[in-house]
Amino acid sequence: MRLVLQRVDSGSVTVSGEISGAIEKGIAVLVGFTSGDSEEDFEWASKKILDSKIFQDDQQRSWRASVRDLNIPVLIVSQFTLYTIWGGKRPKFHRAMAPTEAQELYNKFIEYMRGEHSSPIETGQFGEYMDIDLHLSGPVTMTFDSRQSVYLDDLTDEQLEIVNPSYLRDKRRKEAKRVRYEQAHAKQQSVAETTGVTEQ
C-alpha cells in the first residue's frame with residue numbers, strides 16, 4: 001500500500017463536471033494498492049495520514065501538529081499508477097492490484113478512515129477520469145510504503161546504517177525518548193513510595 005500525502009490549503013476532485021469531493025485546509029492523499037495488501041494495512045495507513053506532524057501548532061511552531069490534532073479534513077484519491085514500472089519509455093502497471101479487488105479494498109479503507117476521524121473524509125471516484133485541483137501549502141509532500149516500513153523494522157541497526165541511516169537516527173531518538181520517560185516514571189514512583197514510608 002502506497003501513500004502520497006500533500007499538505008493543502010484547499011483541494012477538490014471533479015468527475016464529469018461534478019465535484020466529487022472537496023476540502024479546505026487539510027491533507028490530500030493519493031493511495032495505491034498492490035498484491036498482498038489487505039485490511040491489516042489500514043491501521044498503518046491511517047496513522048501516517050492522521051498522525052504525521054506536518055502542520056504548525058497554535059503557537060506557529062512548524063512540524064508540531066497533525067490532521068488529528070487540528071481535526072481537519074482529508075481528501076483521498078485512488079491512484080494505481082503509484083505502482084508504475086518503467087519498461088523502456090512506456091509505463092507498466094502489473095504490480096498494481098487488479099481493479100475489482102482494489103476497488104473493494106479502497107471502499108473498505110474509506111469506511112475505516114471515516115471511523116477513525118471525526119472531520120470529513122472526502123474522496124474522488126474509483127476508476128473514473130478525475131480532474132484534481134490542489135492548492136499546495138509549502139509545498140509539503142511525503143511518500144509512504146507499507147512494505148518498506150515492515151522491511152526497515154526487520155533490519156538490524158548495522159544494516160540500517162547502510163540502507164537508511166536517517167531511519168536509524170530517528171529510531172534511536174525514539175528509543176532514547178522512551179528510556180528517559182521510563183526512567184523519569186520510575187523515579188517518580190520511587191519518590192512516592194519513599195514519601196509514603198516516611199509519612200508512616
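Since we're looking at a predicted model, the values are computed, not measured. Computed over heavy atoms, backbone and side chain alike; hydrogens, waters and symmetry mates excluded.
- Under the 4.5 Å side-chain heavy-atom criterion for ILVMFWY residues, a single connected hydrophobic cluster contains both Ile76 and Met142.
- Hydrophobic clustering places Phe144 together with Val29 (ILVMFWY residues linked when any side-chain heavy atoms are closer than 4.5 Å, directly or through intermediates).
- Sequence neighbours left out, the pairs with a member in residues 71-85 that pass side chain to side chain donor-acceptor pair (under 3.5 Å) are Asn71-Ser118, Asn71-Ser119, Gln79-Thr81.
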* Residue pair Asp133, Thr14: steps toward the side-chain contact (heavy atoms from CB on, under 4.5 Å) verdict -> CA-CA 8 Å; Asp133 184 16; Thr14 302; over 6 Å; no
* Asked: What's the verdict on salt bridge (Lys or Arg N to Asp or Glu O under 4.0 Å) for Glu175 and Lys171, showing C-alpha distance, side-chain angles and the deciding distance?
  -> CA-CA 6 Å; Glu175 178 64 19; Lys171 176 184 175 182; over 6 Å; no
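- No side-chain heavy atom of Arg2 sits under 4.5 Å from any side-chain heavy atom of Thr34.
- Not counting sequence neighbours, the partners of Ser66 by the side-chain hydrogen bond (donor to acceptor under 3.5 Å, both in side chains) test are Asp69.
- Residue Lys53 qualifies as enclosed at atom NZ: its count of foreign heavy atoms under 6.0 Å is above 12.
- Note that the CZ atom of Phe42 and the CG atom of Asp37 stand 9.0 Å from one another [nearest 0.5 Å].
- Residues Thr100 and Glu104 fail the side-chain proximity criterion, which asks for heavy atoms closer than 4.5 Å.
- The two residues Glu116 and Arg68 have their closest heavy-atom pair at O-NH1, 3.4 Å.
- Just one of Gln59, Gln60, Arg61 meets the side chain to side chain donor-acceptor pair (under 3.5 Å) condition when paired with Asp57; it is Arg61.
- Taking all atoms of both residues into account, the shortest heavy-atom contact from Ile19 to Ala22 is CG2-CB, 4.1 Å.
- His117 contributes atom NE2, which lies 5.5 Å from atom CG of Leu50 (distance to the nearest 0.5 angstrom).
- Summarising the local packing, CG of Leu136 is surrounded by more than 12 heavy atoms from other residues, nucleotides or ligands at distances under 6.0 Å.
- Of all heavy-atom pairs between Trp63 and Val140, the closest is CH2-CG2, 3.8 Å.
- Note: Phe109 and Phe33 have perpendicular aromatic rings, judged against thresholds of 30 and 60 degrees for the angle between ring planes.
- The NZ atom of Lys48 sits 10.0 Å away from the CG atom of Leu5 when rounded to the nearest 0.5 Å.
- The cluster map of Ile, Leu, Val, Met, Phe, Trp and Tyr, joined by side-chain heavy atoms under 4.5 Å apart, puts Val13 and Ile23 in the same cluster.
- Here the closest non-hydrogen pair linking Val31 and Met1 is CG2-CE, 3.7 Å.
- Ile54 and Val8 fall into different hydrophobic clusters, where Ile, Leu, Val, Met, Phe, Trp and Tyr are joined by side-chain heavy atoms under 4.5 Å apart, directly or via other members.
- Atom CD of Glu18 is surrounded by 12 or fewer heavy atoms from other residues, nucleotides or ligands within 6.0 Å.
- Between Gln189 atom CD and His185 atom NE2 the span is 4.0 Å, to the nearest 0.5 Å.
- More than 12 heavy atoms of other residues, nucleotides or ligands shown are found within 6.0 angstrom of CD on Gln56.
- Here Thr123 contributes atom OG1 and Met130 contributes atom CE; the two are 9.0 Å apart, rounded to the nearest 0.5 Å.
- Residues Leu134 and Leu30 share a single hydrophobic cluster, defined by chaining ILVMFWY side chains whose heavy atoms lie under 4.5 Å apart.
- Ser10 places a side-chain heavy atom less than 4.5 Å from the side chain of Glu24.
- Counting non-hydrogen atoms of neighbouring residues, nucleotides and ligands closer than 6.0 angstrom, the CD atom of Glu40 reaches no more than 12 such neighbours.
- When every heavy atom of Tyr112 is checked against every heavy atom of Glu43, the shortest pair comes out as OH-CA, 3.5 Å.
- Atom CZ of Arg114 has more than 12 neighbouring heavy atoms from other residues, nucleotides or ligands inside a 6.0 Å radius.
- Rounding to the nearest 0.5 Å gives a distance of 12.5 Å between NE2 of His135 and CD of Gln6.
- Counting only distance, with no hydrogens or angles, the side chain of Ser137 and the backbone of Arg7 share no donor-acceptor pair below 3.5 Å.
- Of the residues Ile132, Val15, Val77, Leu75, the one that meets the side-chain contact (heavy atoms from CB on, under 4.5 Å) test with Ser20 is Val15.
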